[in-house]
Number of protein chains: 2
Amino acid sequence: MTIDDAPRDALRGGPRELLRWVASGAAVSRADLARLSGLSPSTVSQRVEALISQGLLEEAGAGRSRGGRRPRQLAVPTGGAVVGAIDLGAHHARVGTLDLSGRVVQARTLPVRIEDGPEEVLDALLAEVSALVAVPTGPDGEAADGESAAGALRGIGVGIPGPVQHATGRIVSPSRMPGWNGFDVAAFCAGRVEVPVVVDNDANLMALGAHRTTHPDLDHAVYIKAGTGIGSGVISDGRLHRGAQGSAGDISHCRVVADPAPPCSCGNAGCLEAVASGAALVTALRDQGVPVTDLTGVIRLIDDGDRHATALARQAGRAIGEILAVVVNFFNPQVVAIGGRLADCEPLLASMRATLYERCLPLATQTLLIERVATGQDVGITGAAHLVIDHVVAAG
Amino acid sequence: MTIDDAPRDALRGGPRELLRWVASGAAVSRADLARLSGLSPSTVSQRVEALISQGLLEEAGAGRSRGGRRPRQLAVPTGGAVVGAIDLGAHHARVGTLDLSGRVVQARTLPVRIEDGPEEVLDALLAEVSALVAVPTGPDGEAADGESAAGALRGIGVGIPGPVQHATGRIVSPSRMPGWNGFDVAAFCAGRVEVPVVVDNDANLMALGAHRTTHPDLDHAVYIKAGTGIGSGVISDGRLHRGAQGSAGDISHCRVVADPAPPCSCGNAGCLEAVASGAALVTALRDQGVPVTDLTGVIRLIDDGDRHATALARQAGRAIGEILAVVVNFFNPQVVAIGGRLADCEPLLASMRATLYERCLPLATQTLLIERVATGQDVGITGAAHLVIDHVVAAG
DNA sequence: CCTACTTTCTTCGACTACAAAACGAAGTTC
DNA sequence: GAACTTCGTTTTGTAGTCGAAGAAAGTAGG
């Protein structure tokens, strides 16, 4: 079961928005929803009833009175895992199950060897999702509820660290995923599970996850994912902007000034990815004779104040800032946030910020938020869950 | 009368879309509209009637039969100027009146001295609009009709060669418009005329005009305006993307590699505008001792194959291409088109294209259209008219 | 000329989504 | 206990849209 049309719902006052207000705690009662959405009480009641009958919402007793009748509290069903999510990375994958509110029920990180090819990797990850779903609740107590009304799995979201055509679910000429080119992830997964599968780029999922949890009300945002590779996800008018081929946000091969310009796997030299990605930092340090094997080691060196590593981090920050400056001038977002493992490097962040302020129009930066993505390692699967839930709710 | 909310209508099957199909010739009858829009014939009839009663549409006799009843042809009222438009440039302004289809009824170019300040300049241009409106029809015959039903002026659109907050109509720290900073164009105009006035950046208007006339069905597009200054307009999801502060598309102060990096009026050096704008080319040639006074002279030199001028044009094209490459990777549009007076320089266009293909992801360029804006000197006022008409139709 | 068929457009009844208002339910306050 | 609040439902009305039926106006063929 594949998905080929994006959810063009999620509009003002739509069911998905009601659900989100309840999930976020912004609304607790029907009256709250009426106030927030601007819909009439009768319409809200009607919609809420529909959502309840679909098992997407439930009543949760009476709330405190505010001087009149007590509200009948609404809540998104919890305790049951309803969405599976896979956030595939270069060396690890984060796999989890989430509930309808987008909260993580269970999650774990698995080592992954991308080079084993798509079938093997995806099979293992899908199996892990199934295993997590089979366990009714997490290890944090709360066993009783058992199979809640919403306990059935509704869909699986998959994030891929390379260019994906979201519409078809196919991977297109990825840099660092030998054997995956042209592979149709959605079709493959659809053949193994009975529920809808949505596939998207990992940076897009991070963007969606971070946006929904931290700035759901802002219209335009750019989220940078700086880990082993570099990518970005774009929110335009409150929705993910995927562009014509679905490759929007792929800034990894934009050229930046660097001397000497390091060669990139794409055949060019001086690509952002060859200067500022985690993989690039590892390579560069190794070339300088520093004995590091992976990104973790690099980050440790930076945290320890190693001179070479810090200089490289600064250079990386400048490079990202350079590209981002163009993006900010062009797109004029309200937020730019950086996530991924490199986002925790202070020197990188600092020089990115500096470059951004130096190179952007004052008009574009005067109210711009420049942040670190705060949601931790589960942003990706959170975004995946949102994507799935959007689809499920839109489809009724 | 100011306008503070963007027309969020213009959706599938909306009145504005029906109107556009008729104006573009894609639909001639109610039946055509029903087929195109997917609406039922009854709904179309009803909407058409509403549009006719508003004077936005009219019946134009019977068409040819296709084997059955002859269609009652529909047409957008012509012959009467219903929208005024002003496209202000660095040294000239294009002023015109247009009909509801977005076709130019009358237009003329006036010399302008920006430095005279906003009141004086705008007063003169508004007076010119009034003069054009007063003349019932153009000089191309067709006098009879006189005051058509739609003859009343419905609004005025104004394009400004600098950053404008479209929502408020205020100008914000423009580079080349001394005395205009903070000026509220919309409020000023609203005080002089009785109709709605919409104000926007000139590149945005060019983008809208070009998009609506050449690629109305494409979702994502970027239009570069390269004249005395450099700007761009962004179409996202079929609509103008203005960004958080309304400064989206302002790429004039993005840094590009240039040696030596020419100083820019913004205080930085190496800005795109300081390398690739018409003003920059004039300055650079003058510094080389070539006796040119204005952009026209530069373009003539380039056309004549002057070595220095051509080299500069190539450099400018590379610089634009560099920035545009980031934009294309990031935004992944279906079209990139370049307009403005510099768009006619073959060397510039050629090196822009080359840079673009060299620096972009193959995925992003494989189906990308890279074009010249073909609509001539009236694109700007056409875009302005579309903006006004969008608003008028949305407002009922 | 008359019949059969097409295409175009309108009319009418039905359905849906939403809103406005009235009302019932459940509290609080004085 | 009366008055007032807040919450939610029920009822009624309205606007938008669709589908079916039919009227209008033609073509094609005998």
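No hydrogens, no waters, no symmetry mates; every other heavy atom, side chains included, goes into these values. By convention in this document, chain letters (A, B, ...) are assigned in the order of the sequence lines, proteins followed by strands, and residues within each chain are numbered from 1.
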With a cut-off of less than 4.0 Å, is there a side-chain N or O of B:Arg47 near OP1 or OP2 of D:dT17? yes
For A:Ile156 and A:Val193, what are the C-alpha separation, side-chain angles and deciding distance, and is it a side chain to side chain contact (heavy atoms under 4.5 Å, CB included)? CA-CA 9 Å; A:Ile156 298 180; A:Val193 295; 4.1 Å; yes
Are there over 12 heavy-atom neighbours, none belonging to B:Glu59, within less than 6.0 Å of that residue's CD? yes
Starting from the 5' end of DNA chain C, give me the residue, B:Arg72 or A:Gly38, whose nearest nucleotide shows up first. B:Arg72
Let me know the distance between [atom1] of [X] and [atom2] of [N], rounded to the nearest Å.
| X | N | atom1 | atom2 | result |
| --- | --- | --- | --- | --- |
| B:Leu39 | D:dT17 | CG | P | 7 Å |
| B:Glu59 | C:dC9 | CD | C1' | 10 Å |
| A:Ile52 | D:dG8 | CD1 | C1' | 12 Å |
| A:Gln46 | D:dT11 | CD | P | 14 Å |

Measure up the B:Tyr223 and B:His211 rings against each other and bin them: parallel (under 30°), tilted (30 to 60°), perpendicular (over 60°). perpendicular
Protein-proximity profile, nucleotides 19-30 of chain D, B/S/- by nucleotide at the 4.0 Å heavy-atom cutoff, equals B----BBBS---
Going from CD1 on B:Ile381 to OG1 on B:Thr97, what distance comes out if it is rounded to the nearest 0.5 angstrom? 8.0 Å
In Å and rounded to the nearest 0.5 Å, what is the CG to CG distance from A:Asp390 to A:Leu208? 6.5 Å
Is it true that the side chains of A:Gln165 and A:Thr168 contain a donor and an acceptor less than 3.5 Å apart? yes
Residues within residues 25-35 of chain B bordering DNA chain D, heavy-atom distance below 4.0 Å: none
When you look at A:Thr367 and B:Gln245, which way does the side-chain hydrogen bond (donor to acceptor under 3.5 Å, both in side chains) test go after all the steps? CA-CA 9 Å; A:Thr367 64; B:Gln245 266 75 31; 2.4 Å; yes
Should A:Ile235 and A:His241 be marked as a side chain to side chain contact (heavy atoms under 4.5 Å, CB included) after you check the CA-CA gap, both sets of side-chain angles, and the distance that decides it? CA-CA 6 Å; A:Ile235 305 284; A:His241 172 86; over 6 Å; no
